[in-house]
Student: 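Please read through the structure below; I'll follow up with questions.
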Amino acid sequence: MTDHEREHRDVQDPLRAVRLAKLDGLKALGIDPYPYEFARTHEAAGLDQRYAGLAAGAETGDLVRVAGRIRAMRNSGMFIDLHDASGKIQIFCHRECLDPQGQAAVRLLDIGDLIGVEGHVRRTPRGELTVNAATISVLAKALRPLPEKYHGLADVELRYRQRYLDLIMNPASRETLRRRSGVVATMRNHLLARDYLEVETPMLHAIPGGASARPFVTHHNALDIDLYLRIAPELHLKRLVVGGLADKVFEINRCFRNEGLSPRHNPEFTTLELYEAYVDYRAMMELTEELITATAQAVLGIPRIEYGGTGIDLSPPWPRRSMAELVEAATGIDFLKLDAAAARDAANALAANTADQRLSDEAGWGNALELAFALRVEDQLIEPIHVIGFPRDISPLAKADRNDPRLVERFETYIYGWEIANAFSELTDPQDQRARFEAQMRARAAGDEEAQMLDEDYVSALEYGLPPCGGLGIGIDRLVMLLTDSPSIRDVIAFPTLRPR
RNA sequence: GAGCCCGUAGCUCAGCCGGUAGAGCAACUGACUUUUAAUCAGUAGGUCUCGGGUUCGAAUCCCGACGGGCUCACCA
């Protein structure tokens, strides 16, 4: 169906025609169905709280003004359930209290309309807190009907495409997105309280760096150049530390990766990235634990989550185990004792039983260890854990391990088998950084589309001197999934990417 | 990108064993004036996602397209 056909059908829709006729009826009464303001005195939850002690059957002389969306009408409109963002309040429309224009207007109201009501507060004999409407203001006439009141909007596609309807109908959807806001606010406040400076760095990059991923390409007309939507803010944030803008910086914002969609991948997703001068990755482990337990505490009240029926205790400290150690525990193979060729063979042997990927002959020792980890360890890491001892060849921006040149000072934090955080002792040696980039460029030339590109200006920045520095990234969407028991990333993103209809 | 599953009234769903489509809610008409998914009586509402095919006959069987979900691959 084309847009034009859909629009035509909407115009033909009898349910819509009825509402349009009522709209005209309201105008005929001299009522503006789309007015400019309504001065309300209370939200529903505020009234509930204030009148918690009001006895059933009791009336008050208190005049209040409330506003919200009509969600139900009973007894031919005599009782109206009015919902606002805070909750529900019942409205009573009776000729003994409601003015004549209000009585006429009620007959033209529909479920879904937004109205404002002024009236006295009472509690009905059956115990429902109620406003006896003296006047009714139409605040927005709805031309489309709401979904079914009991089952709500269940169709997942419609829930994502018409999130506004989902939010009207499904309290759980409102709760999830409110918790998301709570997570972000908690992290921001936590970092600001620790003297981190919040900054914003470019979304449009000439060279997409800071991660291994395929970027979106776009075009700037005036400059006539292609630009890339950023895959990570990392390199710009460290430039700010080089400049001494602050010793601690952070950014909470979107990244874009041109890869497949899944219940755990949206093309645009939100990360927290932060950098702190003069500390190493061990400080980042402590900070990760602080931030995540603080958010759980803020939105759940306890440092414990329940995800898909699995209870997970987030209480710190979390164990720190090396990738090689975990792989050996799972497979009996000590990759630290293998050379690159043997490691490749061992990892490929682990993949042999499944349809999994295999390593090419050029793959390094680190790629082999990483594959073994992904195949045999990753999804077993349910309780929070910091995986340390990452291979150097898959970590071009991390400083070498102090004791083992094959490794770097990097960790990833896993919860429920998902990578939630990724952090390093940042590589600050410009010559080493150039060599790492060059190795990436060779991998790229060999066909690895996700290998990182050489960013000359970033190397220049390092040549002016980046202090010893810890860096940390936390994936906000997945963290929110865990904290809201959401099975799909689309549940925690208000407007997830969908194919246009 | 591959495999499996789904698409019926505005919404939630039956019907799928082929015989021209049904319920509840929403809407409309009326009753009822202290209800709580209000109730009662009645009315109206459908290119069964779209396009082909098989058949006397297709919502139902087959093929294709479109949209979605899940799994896998890439990845956070």
Side-chain angles (χ1 to χ4, degrees), chain A residues 1-2 5-6 9-10 12-19 21-22 56-57 71-81 88 90-98 103 106 110-112 122-130 132 142-162 165-166 168-169 211-214 231-232 255-273 354-358 374 378 412-414 417-422 448-450 473-479 481 487-490 496 498-501:
Chain A
M1 197 187 302
T2 66
E5 284 163 349
R6 197 172 293 123
R9 194 186 63 170
D10 285 345
Q12 299 286 305
D13 180 1
L15 296 174
R16 183 188 179 82
V18 165
R19 284 159 185 261
K22 289 177 177 176
R71 292 297 308 281
M73 294 197 288
R74 292 180 291 279
N75 281 43
S76 308
M78 186 167 58
F79 292 95
I80 292 174
D81 283 347
K88 180 192 107 175
Q90 180 169 269
I91 306 300
F92 180 64
C93 300
H94 196 277
R95 51 179 168 268
E96 284 176 13
C97 47
L98 182 57
Q103 290 175 40
V106 164
D110 285 298
I111 291 170
R122 70 173 168 113
R123 193 175 292 282
T124 65
R126 301 201 186 190
E128 190 76 29
L129 192 68
T130 299
N132 284 345
L143 299 182
R144 297 173 187 254
L146 292 182
E148 200 246 353
K149 65 184 170 188
Y150 190 60
H151 299 93
L153 189 68
D155 185 308
V156 290
E157 184 179 355
L158 289 180
R159 287 183 47 228
Y160 300 146
R161 287 193 192 278
Q162 294 183 275
L165 268 185
D166 178 42
I168 290 169
M169 301 307 297
S212 302
R214 289 159 63 179
I231 56 176
C255 294
F256 306 86
R257 298 190 186 173
N258 204 342
E259 288 156 357
L261 290 76
S262 86
R264 276 171 296 286
H265 299 84
N266 196 63
E268 52 179 311
F269 60 101
T270 300
T271 61
L272 161 68
E273 275 206 23
T354 64
D356 287 308
Q357 59 173 317
R358 301 300 171 80
E378 215 169 40
E412 288 185 349
T413 304
Y414 281 81
W418 299 349
E419 180 197 331
I420 294 296
N422 180 18
D448 182 352
E449 279 187 72
E450 293 181 355
I474 294 179
I476 300 297
D477 308 273
R478 288 194 183 167
L479 179 60
M481 287 174 70
S488 170
I489 197 169
R490 294 180 178 129
L498 294 175
R499 200 182 295 270
R501 192 152 65 169

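Letters A, B, ... mirror the listed sequences (proteins, then strands); counts begin at 1.
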Student: If you measure from the C1' atom in C72(B) to the same atom in A26(B), how many Å do you get, rounded?
Tutor: 41 Å
Student: Send over the distance from K22(A) NZ to A26(B) C1', rounded to a whole Å.
Tutor: 11 Å
Student: Could you check which of G69(B), U34(B), U12(B) has an atom nearest any side-chain atom of L498(A)?
Tutor: G69(B)
Student: Atom CD1 of I168(A) to atom P of G10(B): distance rounded to whole Å?
Tutor: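 That distance rounds to 18 Å.
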Student: Choose from C11(B), G67(B), U12(B) the nucleotide whose nearest atom is closest to any side-chain atom of R161(A).
Tutor: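 The answer is G67(B).
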Student: Roughly, in whole Å, what's the span from CD1 in I111(A) to P in C11(B)?
Tutor: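 These atoms are roughly 16 Å apart.
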Student: May I ask you to evaluate whether K149(A) reaches the phosphate of A37(B), defined as a side-chain N or O under 4.0 Å from OP1 or OP2?
Tutor: no
Student: Considering only atom P, compute the distance from A41(B) to C32(B) and round it to an integer number of Å.
Tutor: 16 Å
Student: Among A26(B), U33(B), U36(B), which is the nearest nucleotide to the side chain of K88(A)?
Tutor: U36(B)
Student: Nearest to the side chain of V18(A) - A38(B), U33(B), A27(B)?
Tutor: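 Taking heavy atoms from C-beta onward, the closest nucleotide is A27(B).
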Student: For the P atoms, the ones on G22(B) and on U47(B), what distance do you get once it is rounded to whole angstrom?
Tutor: 15 Å
Student: The side chain of V156(A) lies closest to which of these nucleotides: G69(B), U12(B), A38(B)?
Tutor: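 Looking only at heavy atoms from C-beta outward on V156(A), the closest nucleotide is G69(B).
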Student: In whole Å, I'd like the distance from the CG atom of L146(A) to the C1' atom of C25(B).
Tutor: 12 Å
Student: Would a distance-only check, ignoring hydrogens and angles, find a side-chain to backbone donor-acceptor pair under 3.5 Å from S262(A) to R264(A)?
Tutor: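 Yes, S262(A) side chain to R264(A) backbone: donor-acceptor pair under 3.5 Å.
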Student: Can you tell me how far P of G10(B) sits from CG of L165(A), to the nearest Å?
Tutor: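 Going from L165(A) (CG) to G10(B) (P), I get 14 Å.
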Student: Which whole-number value in Å describes the distance from E157(A) CD to C66(B) P?
Tutor: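 Value for this atom pair: 14 Å.
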Student: For the side chain of H94(A), starting at C-beta, report the closest nucleotide among A26(B), U33(B), G67(B).
Tutor: U33(B)
